Amino acid sequence: MARRKNTFWNRNKFKLSGLILILPFYFLYEQLQPPEFPDVWEEKSVGPFEVAIQPLNNEAPYAHHEDWVKDFSAYINEGQVSDIRQGYVNIGEEPVPLDTLESDDVGILHGSELLQHVHAIAPQKYESEHRVWVTLQTWDGSVHKASWELPENWLK
Amino acid sequence: MTQRQWFKLHGWCSLPIWILFCFICITGTIAVFSHELTWLFNENARAVNPNNLAAQPISELVATVQNAYPSANITTVMTFEPYLINAVIFSTETIPSGIAYVNQYTGEIQEVNQGITFINFMRSLHGWLLFPWQSSYSVGYYLVSAMSFVMIGALVTGLVIYKRFWRAYTQPKIRAKQGKKTLLTDLHKHGGVWSIWFLIVMSLTGLWYFTQQVMWHADIDIEAHPPLVEASDIPLGEKADPPVTFADAMKTTEARFPEFRPSYIMMPEHNRDMFKIMGGGDTVFFDDYSYRVNINPWTGEIASETTPETMGALQTIQHIVDPLHYGTIGGIWTKAIWFIFGLILSAMSITGFLIWGSRTVKAAKEKKTPLRESLQSEGAN
């Protein structure tokens with residue numbers, strides 16, 4: 001065997017990887033902290049419903065398979081979730097037509113009467129003319145829409 | 001390659017990461033018994049059945065939870081071994097994420113867990129060291145599954161430098177009275193040879209977890225997504241509830257696969273979503289998710305199904321790897337074997353380090369001490 005100097009480094013270098021084990025404890029601590037979400041955006045009327053949405057974070061959209069998506073929570077403050085036949089959210093200049101939305105499940109509102117979630121269809125990069133569009137269809141077939149402007153800090 | 005080079009390579013395979021490797025081995029060893037430990041330490045998790053009642057259908061357990069919490073939105077049901085309760089996962093205004101522990105025999109809700117379960121904690125700690133998931137990957141998952149490379153390296157180099165290793169089977173010899181290093185070396189070598197099969201199983205399954213992670217990360221699907229309900233299947237005009245109940249969906253599934261043992265069930269999350277029912281069958285090597293049925297809640301039809309017979313190569317691998325890695329193939333007895341070999345593997349990373357440590361420290365000492373002294377101390381040993 002090659003002779004090595006009995007230095008602190010030589011005695012301890014193979015223990016260094018053990019320092020990684022500090023991270024799981026840090027991540028556990030982080031997991032136990034209540035999550036902080038951005039503010040809920042102002043409530044808007046979407047047909048018979050009053051809807052407020054809240055992004056899960058202020059980061060850029062992320063890729064999911066072939067789609068770019070952005071996660072939101074949606075609160076149906078006025079009206080019942082069960083009164084919605086199907087609902088979708090997309091970010092862009094225009095709302096995506098319902099026919100197109102129906103062909104896939106990207107951007108579909110899901111969850112419970114208490115809280116709805118959505119992986120909103122998003123562009124890869126935000127532009128100032130983009131808005132967040134909510135499209136809701138009620139049981140009688142009528143379609144209602146509303147939109148929100150993107151916050152300033154998303155456009156940087 | 002010379003013997004010395006092989007030896008060096010053996011060291012490089014595991015020494016640099018030995019603490020991390022040891023931690024992963026120990027957490028994995030504990031995770032083998034996570035269900036049994038949950039049973040042992042949490043009375044509420046036990047499905048005690050003193051009157052020898054038959055297990056109630058899952059749909060009734062779901063109804064029990066719905067009655068107890070009328071506003072509950074039930075999303076998922078999980079079943080485990082017959083001695084553990086069934087878990088019904090739900091949310092209400094005051095309980096954002098609750099797990100009802102329902103005794104499937106008595107129908108009693110024994111606990112509502114709102115935190116982390118021991119089973120999930122051990123699995124996450126062992127599987128990805130709790131590194132956060134960035135949508136489709138976790139750095140920790142890569143870190144842990146990459147251990148399969150060093151494990152296979154340590155095994156191969158170990159067998160090369162341990163000439164006639166099969167003697168550890170035919171003439172096992174642990175020399176306990178010839179100094180610490182001899183004892184450690186004997187333990188290390190015998191542990192290694194006796195666990196060749198276990199090292200192979202762990203590194204191959206680990207290699208699969210690594211591959212699977214790469215595929216997840218690259219958005220390559222191994223399993224097809226459950227189909228969607230066509231918008232035209234949902235009636236227009238009057239507000240409607242899906243006519244097919246959860247109980248109906250379960251009956252359809254059991255009629256289709258008489259041996260079906262449900263393990264993981266997801267309720268529809270929106271009007272175009274399906275009942276996603278997963279379970280095991282009578283196939284020995286496949287996991288408890290190898291039978292999958294997606295049922296359209298508006299028509300009652302089986303929209304798609306997966307069984308071991310219809311799986312492709314990658315899917316088959318995916319469904320046989322877990323029982324091999326967890327040691328659940330033959331129930332508690334194989335788990336016990338996996339646990340023991342998990343301990344041996346953890347001990348090997350420690351003994352390996354101690355052998356290396358004593359050698360380097362000794363070498364460094366020898367360099368400092370004059371030749372005569374070192375010869376004397378050799379003689380004394």
Side-chain angles (χ1 to χ4, degrees), chain A residues 1-7 10-11 13-21 23-32 62-67 69 71 80-88 98-99 101-105 108-119 137-142, chain B residues 4 7-8 15-23 71-75 90-93 96 115-116 121 124-125 128-132 134-136 140 143 219 221 225 228 230-232 234-241 268-273 353 356-357 359-361 363-368:
Chain A
M1 286 297 290
R3 292 285 188 264
R4 288 193 192 88
K5 281 204 174 124
N6 184 11
T7 59
N10 271 337
R11 265 181 282 124
K13 62 182 176 188
F14 289 159
K15 294 176 194 159
L16 256 184
S17 71
L19 289 178
I20 293 175
L21 294 176
L23 290 174
F25 290 98
Y26 170 72
F27 292 138
L28 178 66
Y29 166 80
E30 237 185 11
Q31 255 182 49
L32 296 173
Y62 64 93
H64 179 73
H65 289 81
E66 281 86 55
D67 309 296
V69 287
D71 295 346
Q80 298 279 317
V81 169
S82 59
D83 287 331
I84 302 171
R85 184 168 176 264
Q86 49 180 343
Y88 299 86
L98 191 62
D99 299 354
L101 292 167
E102 279 179 347
S103 65
D104 201 352
D105 68 341
I108 196 164
L109 278 168
H110 60 273
S112 68
E113 199 65 55
L114 302 165
L115 182 63
Q116 291 277 298
H117 296 280
V118 63
H119 312 290
Q137 188 195 35
T138 44
W139 290 97
D140 59 5
S142 53
Chain B
R4 196 163 140 188
F7 200 85
K8 236 180 177 172
L15 272 174
I17 42 89
W18 80 276
I19 294 184
L20 189 61
F21 183 78
C22 185
F23 182 81
S71 72
N73 173 57
I74 294 166
T75 54
F90 67 97
S91 58
T92 69
E93 287 98 334
I116 312 172
F121 174 74
S124 320
L125 185 61
W128 52 92
L129 303 169
L130 306 177
F131 276 61
Q134 345 242 343
S135 70
S136 62
L143 215 58
D219 270 343
D221 283 328
H225 283 250
L228 281 169
E230 291 290 333
S232 54
I234 313 169
L236 265 172
E238 291 277 308
K239 173 171 166 176
D241 273 325
E269 292 185 301
H270 53 83
N271 284 335
R272 294 184 55 215
D273 201 10
F353 172 72
W356 171 84
R359 183 177 292 124
T360 30
V361 172
K365 265 190 199 153
E366 272 173 16
K367 208 185 170 190
K368 275 186 195 157

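Model, not experiment: these values are computed from the prediction. Reminder, nothing fancy here: chain letters follow the sequence lines and each chain counts from 1. Atom set for the values below is all heavy atoms of this structure, side chains included, hydrogens, waters and symmetry mates excluded.
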Return the [atom1] to [atom2] distance between [X] and [Y], rounded to the nearest 0.5 Å.
X         : Y         : atom1 : atom2 : value
Leu228(B) : Asp104(A) : CG    : CG    : 7.0 Å
Phe90(B)  : Leu114(A) : CZ    : CG    : 11.0 Å
Ser112(A) : His270(B) : OG    : NE2   : 13.5 Å
Leu20(B)  : Leu16(A)  : CG    : CG    : 12.0 Å

Looking only at heavy atoms and a cut-off of under 4.5 Å, which of [options] has the most pairs with chain B?
options                                  : value
Gln137(A), Lys15(A), Gln116(A)           : Lys15(A)
Leu115(A), Leu28(A), Val81(A), Leu32(A)  : Leu28(A)
Ala63(A), Gly87(A), Gly111(A), Gly141(A) : Gly111(A)
Leu23(A), Ile84(A), Leu98(A), Thr138(A)  : Leu23(A)

Sort [X] into side chain, backbone, both or neither according to what part of it lies under 4.5 angstrom from a heavy atom of chain A.
X         : value
Glu238(B) : backbone
Leu125(B) : side chain
Thr75(B)  : neither
Phe353(B) : side chain

Where do [X] and [Y] come nearest, in terms of heavy atoms and distance?
X         : Y         : result
Asn10(A)  : Trp356(B) : O-CH2, 3.6 Å
Phe14(A)  : Trp18(B)  : O-CD1, 3.3 Å
Ser17(A)  : Pro16(B)  : OG-O, 3.2 Å
Pro24(A)  : Leu130(B) : O-CD1, 3.5 Å
Arg272(B) : Ser103(A) : NH2-C, 4.5 Å

request  = Against chain B, label Glu102(A) side chain, backbone, both or neither, depending on which of its atoms sit under 4.5 Å from a heavy atom there.
outcome  =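 For Glu102(A), backbone and side chain are both near chain B.
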Close side-chain approach of [X] to [Y], heavy-atom, < 4.5 Å:
X         : Y         : value
His110(A) : Asp273(B) : no
Pro132(B) : Phe27(A)  : yes
Lys239(B) : Asp83(A)  : yes

Largest heavy-atom contact set with chain A, pairs under 4.5 Å, which of [options]:
options                                   : result
Ser232(B), Ser91(B), Gly115(B), Ala240(B) : Ala240(B)
Leu129(B), Asp219(B), Ile19(B), Ile116(B) : Asp219(B)
Ser71(B), Pro268(B), Gly237(B)            : Gly237(B)

key: Within 6.0 angstrom of Gln31(A) CD, more than 12 heavy atoms from elsewhere   =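 For Gln31(A), atom CD is crowded (more than 12 foreign heavy atoms under 6.0 Å).
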inquiry  = Would you say that more than 12 heavy atoms from the other residues, nucleotides or ligands in this model lie under 6.0 Å from the CD of Glu66(A), or not?
reply    =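 Result for CD/Glu66(A): open.
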query = Under 30°, 30 to 60°, or over 60°: which ring-plane class applies to His65(A) and His225(B), parallel, tilted or perpendicular?
reply =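 Rings of His65(A) and His225(B): perpendicular, over 60°.
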query = Hey, is the main chain of Gly357(B) close enough, under 3.5 Å, to the side chain of Arg11(A) for a donor-acceptor pair?
reply =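 Not confirmed, Arg11(A) side chain does not pair with Gly357(B) backbone.
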inquiry  = Between Gln86(A) and Ile234(B), does the side chain to side chain contact (heavy atoms under 4.5 Å, CB included) criterion hold? Intermediate values first, please.
reply    = CA-CA 10 Å; Gln86(A) 49 180 343; Ile234(B) 313 169; 5.5 Å; no
